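As a basis for the values below, the full set of heavy atoms in this structure was taken, side chains included, without hydrogen atoms, waters or symmetry mates. Throughout, protein chains are lettered first and strands after them, A, B, ... in sequence-line order, and every chain is numbered starting at 1. Everything numeric here is computed off the predicted structure, so don't read it as measured data.
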Amino acid sequence: QKEVEQDPGPLSVPEGAIVSLNCTYSNSAFQYFMWYRQYSRKGPELLMYTYSSGNKEDGRFTAQVDKSSKYISLFIRDSQPSDSATYLCAMLRSGNTGKLIFGQGTTLQVKP
Amino acid sequence: SAVISQKPSRDICQRGTSLTIQCQVDSQVTMMFWYRQQPGQSLTLIATANQGSEATYESGFVIDKFPISRPNLTFSTLTVSNMSPEDSSIYLCSVDGEKVYEQFFGPGTRLTVL
C-alpha cells in the first residue's frame, strides 16, 4: 500500500466550477500537508500548506486536513483556465526534513 | 525563492550508456534533492545531497546506479548509469526553502532510453 494515494484523474470542469481534489494517506506521523501545482513541462511549485488538522484559505483556494480520517482536500473556487495543471499532494513527518512524500498528482483541465 | 536550472532539458539515450544531469541554483542552499517522476507515478525522492558529505539515498536507489556530486552550495549533478528503458522518466532537482515543508523545483530533465 502506498503511503499517499491520489486519484490521477484526469478531471475536466467548466470555467467557474468548484473543484475538489483529494488525497488519502496511511502514515499517522505526517504533520505537514502540502499542495503543489505543476504546469506542463515545469517543476512543481508550492501552492498551500497546512500544519496538522484544520482548514486554510488563500484566495480561491482552500486546503483541508482531517487527520482522524487521514484525508486531505484542496478546493478551488471559481476555477479558471489558468488553473489547468497537475496538482500533487505532499506530506512530511516532523523531523524528517526534506523527505516529502508525494501523491501521484491529479491532472485538472478547466475549459473556457 | 530560489531559481533553479537543469541541463539538459531532455535527452534520448541508448541502453547501456550513462547521462549526467546538472542542477544549478541562483543562491547558496544547504540541501539539494533529486527526484524521479515516472509516467503515472508519484514524484519519488532518489537522494538528498548535502555539500561536503556523501549523498543519502532512499530505499530502492543505490549509489552505483545514481551517483551524485555536490561540489559546492549552488550546484549538483545526478548521473543515471548503465541506462535501461525503465529509467525513462523525468528527473527533477529541488532545494530546500526557509520552511521545512517548502522546496523549490527545477524544470526537470526528460530522459528517454531506447
Side-chain angles (χ1 to χ4, degrees), chain A residues 1-10 21-27 29-52 54 56 58 63 65 72 85-107, chain B residues 1-10 21 23-25 29-50 53 55-61 68 70 76 89-111:
Chain A
Q1 182 189 6
K2 294 180 181 178
E3 280 191 286
V4 180
E5 298 274 3
Q6 184 177 6
D7 186 341
L21 305 169
N22 311 294
C23 289
T24 59
Y25 63 95
S26 57
N27 191 339
F30 289 135
Q31 289 287 348
Y32 295 89
F33 303 90
M34 287 72 69
W35 287 95
Y36 280 77
R37 179 175 60 194
Q38 185 175 22
Y39 290 112
S40 180
R41 302 191 183 280
K42 302 285 186 183
E45 57 179 350
L46 180 65
L47 186 61
M48 294 188 72
Y49 94 96
T50 308
Y51 178 75
S52 194
K56 193 167 189 177
D58 184 2
V65 175
I72 73 170
T86 297
Y87 291 80
L88 303 108
C89 62
M91 305 184 188
L92 178 68
R93 291 188 294 171
S94 287
N96 250 24
T97 302
K99 290 184 182 289
L100 299 183
I101 308 298
F102 284 87
Q104 283 180 278
T106 300
T107 299
Chain B
S1 65
V3 177
I4 303 162
S5 60
Q6 286 186 234
K7 289 182 181 179
S9 59
R10 59 171 51 213
I21 302 168
C23 180
Q24 180 75 52
V25 191
V29 294
T30 304
M31 301 176 76
M32 297 182 77
F33 308 93
W34 287 98
Y35 287 85
R36 182 172 70 183
Q37 189 173 30
Q38 294 180 307
Q41 302 295 317
S42 57
L43 210 61
T44 303
L45 181 64
I46 297 171
T48 302
N50 291 332
S53 63
T56 303
Y57 289 83
E58 297 301 305
S59 176
F61 298 97
I68 288 171
R70 180 79 197 274
S76 178
S89 184
I90 299 173
Y91 292 86
L92 298 111
C93 71
S94 72
V95 303
D96 60 330
E98 292 184 357
K99 309 294 184 184
V100 65
Y101 54 81
E102 186 175 44
Q103 288 186 18
F104 299 101
F105 285 82
T109 296
R110 188 176 295 266
L111 171 63

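Heavy-atom distances place the side chain of A/L92, and not its backbone, under 4.5 Å from chain B. Proximity to chain A (any heavy atom under 4.5 Å) is shown, for B/Q6, by neither the backbone nor the side chain. The contact between B/L43 and chain A is made by backbone and side chain atoms together, counting heavy-atom distances below 4.5 Å. Neither the backbone nor the side chain of A/F33 comes within contact range of chain B; no heavy atoms are under 4.5 Å apart. If you measure heavy-atom distances from A/Q31 to chain B, you find no contacts under 4.5 Å at all.
Between the A/Y25 side chain and the A/I72 main chain, no donor and acceptor come within less than 3.5 Å of each other. Remark: side-chain polar atoms of A/T106 are paired, donor with acceptor, to backbone N or O of A/D7 under 3.5 angstrom.
Of all the listed residues (A/G43, A/P8, A/P44), the one sharing the greatest number of non-hydrogen pairs under 4.5 Å with chain B is A/P44.
Within 6.0 Å of atom NZ in A/K2, more than 12 heavy atoms from other residues, nucleotides or ligands are found, so the atom counts as buried in its surroundings.
Aromatic ring orientation, B/F33 versus B/Y35: tilted (interplanar angle from 30° to 60°).
Looking at B/M32 and B/C23, their side chains come closer than 4.5 Å, going by heavy atoms from C-beta outward.
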